[in-house]
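Shown next, in structure tokens, is the structure this report addresses.
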There are 2 protein chains.
Amino acid sequence: MTTMKEIAQAAGVSVSSVSLVLNGRDSGRINPQLANRIRETAERMGYQPNVLARSLRTNRTYMIGFISVEVATTPYAGGMIQGAQDALSSLGYMLLTVNGDTEQALESEIRALKRYGVDGFLYSAMSNRVMTVPKSLAKFPLVLVDAAEETNRFPSIEPDEFRIGYDATTRLIEAGCSRIAYVGCAEPMVAQTGRLAGYRQALMDHGRGFDERLQCDVLNNGPALRAVEALFDTEQPNGFFCFNDARAWYVYETAARHGLAVGRDISVVGVDNHRVFAETLEPQLTTIELPHYEMGYWAANKLVSMIENRPLNEGDWPHTTAVMPLLDTPSPVKVHCTLIEKGSVRDTPTTA
Amino acid sequence: MTTMKEIAQAAGVSVSSVSLVLNGRDSGRINPQLANRIRETAERMGYQPNVLARSLRTNRTYMIGFISVEVATTPYAGGMIQGAQDALSSLGYMLLTVNGDTEQALESEIRALKRYGVDGFLYSAMSNRVMTVPKSLAKFPLVLVDAAEETNRFPSIEPDEFRIGYDATTRLIEAGCSRIAYVGCAEPMVAQTGRLAGYRQALMDHGRGFDERLQCDVLNNGPALRAVEALFDTEQPNGFFCFNDARAWYVYETAARHGLAVGRDISVVGVDNHRVFAETLEPQLTTIELPHYEMGYWAANKLVSMIENRPLNEGDWPHTTAVMPLLDTPSPVKVHCTLIEKGSVRDTPTTA
DNA sequence: GTGAAAGCGCTAACAA
DNA sequence: TTGTTAGCGCTTTCAC
């Protein structure tokens with residue numbers, strides 16, 4: 001690794017001149033010719049700045065810590081991390097990923113990140129629980145990804161679950177479904193609360209009542225499958241809004257056993273957490289993909305804007321769309337999800 | 001952040017003494033009493049070493065770069081990264097994750113990692129292509145994860161695809177299946193080559209021939225489903241080895257349409273890439289989970305052992321098992337996958 | 001046993 | 001306009 005010192009020697013100038021030039025602070029301070037010579041020399045010698053040495057002096061590392069709690073192994077994390085990486089990469093930052101699945105690991109990883117001098121933190125916890133940010137993070141620049149505290153102390157971003165439920169149900173209504181079931185999760189989930197509320201509101205707004213017999217919350221495997229079969233038998237729904245892939249699968253399996261074809265006899269809208277169904281079922285299944293990538297991307301941009309003390313640019317907003325093909329629309333329809341920034345709500349710009 | 005200097009002042013000693021003590025190099029150099037006083041002071045003041053400053057001096061950053069090429073968004077990456085993180089965390093290292101999906105991004109991220117002075121690299125590319133390590137990485141400590149070059153220049157780890165195919169097929173044979181189909185991918189995949197070879201070898205070894213009519217390579221969606229339906233109709237297999245979740249789903253869907261029950265009328269073994277089926281189908285589907293976590297874990301340990309110039313410990317080997325419940329075995333059976341270390345092949349120790 | 005001092009590569013105040 | 005100097009926090013040699 002060539003250093004500034006070596007460049008200074010080769011170019012016959014002092015390190016400070018080299019530093020000024022290579023950091024672009026030379027306007028009106030260094031003779032343009034000299035500056036060019038320095039730049040050339042640096043180029044020729046393949047100079048790469050030692051960011052650690054710089055950090056020591058400036059107290060800025062251009063490193064961001066990404067803490068994930070109980071999400072790293074889920075299929076969601078990959079998208080969020082990649083979104084954050086892509087955003088940070090173009091901003092000249094580096095991402096340090098850790099996971100704090102246990103309370104103890106969490107605190108120790110936070111300490112580690114602090115030792116490495118990260119400029120700020122991204123924090124992501126499974127959004128199906130109420131969460132609290134560790135107090136050890138409270139005084140640092142921090143943005144929550146796919147999570148939010150009740151206190152709204154920190155900027156955060158998460159899908160608009162209510163709207164997902166509302167839009168999905170509306171699509172089913174517009175597709176002509178007369179009996180729309182909700183196939184959800186029997187365990188308490190924050191996401192479900194919002195989606196269910198959206199489902200009910202959409203029914204209301206279209207002059208329909210909520211029928212609790214059409215709400216079918218299940219767990220996994222055999223019992224879940226049998227519960228869905230019972231739903232088919234007793235309620236004969238012709239529209240289904242499914243909490244996730246697993247629930248959508250129970251509907252598919254049951255439909256197949258009953259000789260019903262999805263896309264002809266029944267309509268299904270489901271949130272596609274695992275992406276396997278997009279590959280398998282599309283365009284039969286109407287999938288809603290949660291914008292994990294976009295959330296990571298936005299959160300990283302937001303965090304850096306805080307660190308650098310400047311406003312967020314328009315371009316820092318991700319484009320969030322989900323494909324929703326349905327019975328009556330053979331070609332895919334773009335539907336936008338809403339990202340919520342605590343303190344102020346706005347939609348993401350749509351491309352299509 | 002309290003510094004060594006502050007501790008030295010508070011304890012009335014010099015920084016060098018503090019450094020020696022806090023790094024455990026004080027035996028026979030510093031008076032034990034003094035050493036204790038220093039340790040206490042550091043403790044009391046909540047001292048955390050500044051790893052960047054240390055790095056500047058020692059040329060060791062205890063940072064590892066994890067480069068993923070076209071894998072970050074797949075469900076696999078999460079497991080590998082978490083495995084690497086867990087291993088590194090206990091070794092006192094930090095993971096910097098980047099992704100190099102395009103050639104250009106790759107080189108620029110590698111340069112970035114070098115600027116940050118990482119001690120070594122983990123490199124992961126989608127294993128369904130022949131890969132070549134960028135020459136910019138050649139002179140650094142490097143371990144390949146879920147990937148391998150033809151040249152065997154670097155340590156690498158990947159699942160033993162042959163053995164997966166062999167074991168899966170053998171299980172189906174032992175479960176009493178007389179006609180075992182292979183439902184694979186119509187696109188060329190390195191993994192498939194090995195699994196198919198294992199499938200054929202297992203048939204051979206049990207005195208059965210390979211019947212190409214039972215090999216059904218499909219793509220996605222409707223066409224794939226119809227191809228599997230045709231397979232059911234014309235060949236009536238009673239055992240299925242599926243390349244991945246999507247292929248397993250086609251079998252399930254078709255079985256349901258034909259009134260056949262998995263686990264009673266037919267047996268299915270499938271590789272579970274997305275983890276959704278483990279939640280949904282188990283224990284009907286016999287799932288093989290690829291040991292991504294374990295590969296990440298092993299690779300990180302291997303890399304650090306190279307960096308620190310010491311042998312790999314027994315404990316650095318991951319425990320790799322996959323659950324394979326089947327028709328005749330209601331309770332799960334542990335089956336071990338094999339990890340391949342280039343240059344020398346050995347099995348991972350099994351717990352169960 | 002302990003401390004003074006040099007220096008890792010860089011930035012930034014200050015001199016010239 | 002350029003160079004000198006100090007120092008970020010730490011390690012390490014070398015005197016004492």
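Throughout, a chain's letter reflects where its sequence line sits, starting with A, and its residues are numbered from 1. Since the structure is predicted, the reported quantities are computational estimates derived from the model, not experimental observations.
- A side-chain N or O of A/Glu107 and one of A/Ser136 form a donor-acceptor pair less than 3.5 Å apart.
- At whole-Å resolution of the value, NZ in A/Lys5 and C1' in C/dG7 are 8 Å apart.
- No hydrogens or angles were tested; on distance alone, nothing pairs the side chain of A/Ser19 with the base of C/dA12 as donor and acceptor under 3.5 Å.
- Taking atom CZ on B/Arg57 and atom P on C/dA5, their separation rounds to 16 Å, with Å as the unit.
- Within a 6.0 Å radius of CZ in A/Arg60, more than 12 heavy atoms belonging to other residues, nucleotides or ligands are found.
- Residues B/Tyr93 and B/Asp119 have side chains that never bring a donor and an acceptor to within less than 3.5 angstrom of each other.
- Taking the charged nitrogens against the carboxylate oxygens, A/Glu43 and A/Arg39 have no contact shorter than 4.0 Å, which rules out a salt bridge.
- Nearer the 5' end of DNA chain C, as judged by each residue's closest nucleotide, is the contact made by B/Gly12, out of B/Gly12 and B/Ala53.
- Between A/Tyr47 and the phosphate of C/dC10, there is a side-chain N or O to OP1/OP2 separation shorter than 4.0 Å.
- Of the two residues contacting DNA chain D, namely A/Ile30 and B/Arg54, the nearest-nucleotide position lying further toward the 5' end is that of A/Ile30.
- The CZ atom of A/Arg60 sits 18 Å away from the P atom of C/dC10 (whole-angstrom rounding).
- In this structure, A/Ser16 reaches the bases: a heavy-atom distance under 4.0 Å links it to at least one base atom across the strands shown.
- Using a 4.0 Å cut-off between charged nitrogen and carboxylate oxygen, A/Lys114 and A/Glu109 do not count as a salt-bridge pair.
- Residue contacts for B/Leu34: at a heavy-atom cut-off of 4.0 Å it reaches the sugar-phosphate backbone alone, with no base atom in range.
- Look at CG on A/Leu52: it is 12 Å from P on C/dT11, rounded to the nearest Å.
- Separating the CZ atom of A/Arg25 from the P atom of C/dA13 is a distance of 10 Å, rounded to the nearest angstrom.
- Residue A/Asn23 is classed as a sugar-phosphate contact, given heavy-atom separations below 4.0 Å to backbone atoms only.
- Projected onto DNA chain D by closest heavy-atom contact, A/Val15 and A/Pro32 fall at different nucleotides, the more 5' of which corresponds to A/Pro32.
- The backbone N or O of A/Asp86 sits nowhere less than 3.5 Å from a side-chain atom of A/Ser89 that would complete a donor-acceptor pair.
- A/Tyr62 places its OH atom 12 Å from the C1' atom of C/dT11, with the value rounded to the nearest Å.
- Set against C/dG3, C/dG9, C/dT11, the side chain of A/Asn50 has C/dG9 as its closest nucleotide.
- Of all nucleotides in DNA chain D, those with any atom nearer than 4.0 Å to a heavy atom of chain B start and finish, going 5' to 3', at D/dG9 to D/dT12.
- The distance between atom CE of A/Met4 and atom P of C/dA12, rounded to the nearest whole Å, is 10 Å.
- Going from atom CZ of A/Arg29 over to atom C1' of C/dA16 covers 14 Å, rounded to whole Å.
- For the residue pair B/Glu149 and B/Thr151, a side-chain donor N or O sits within less than 3.5 Å of a side-chain acceptor on the partner.
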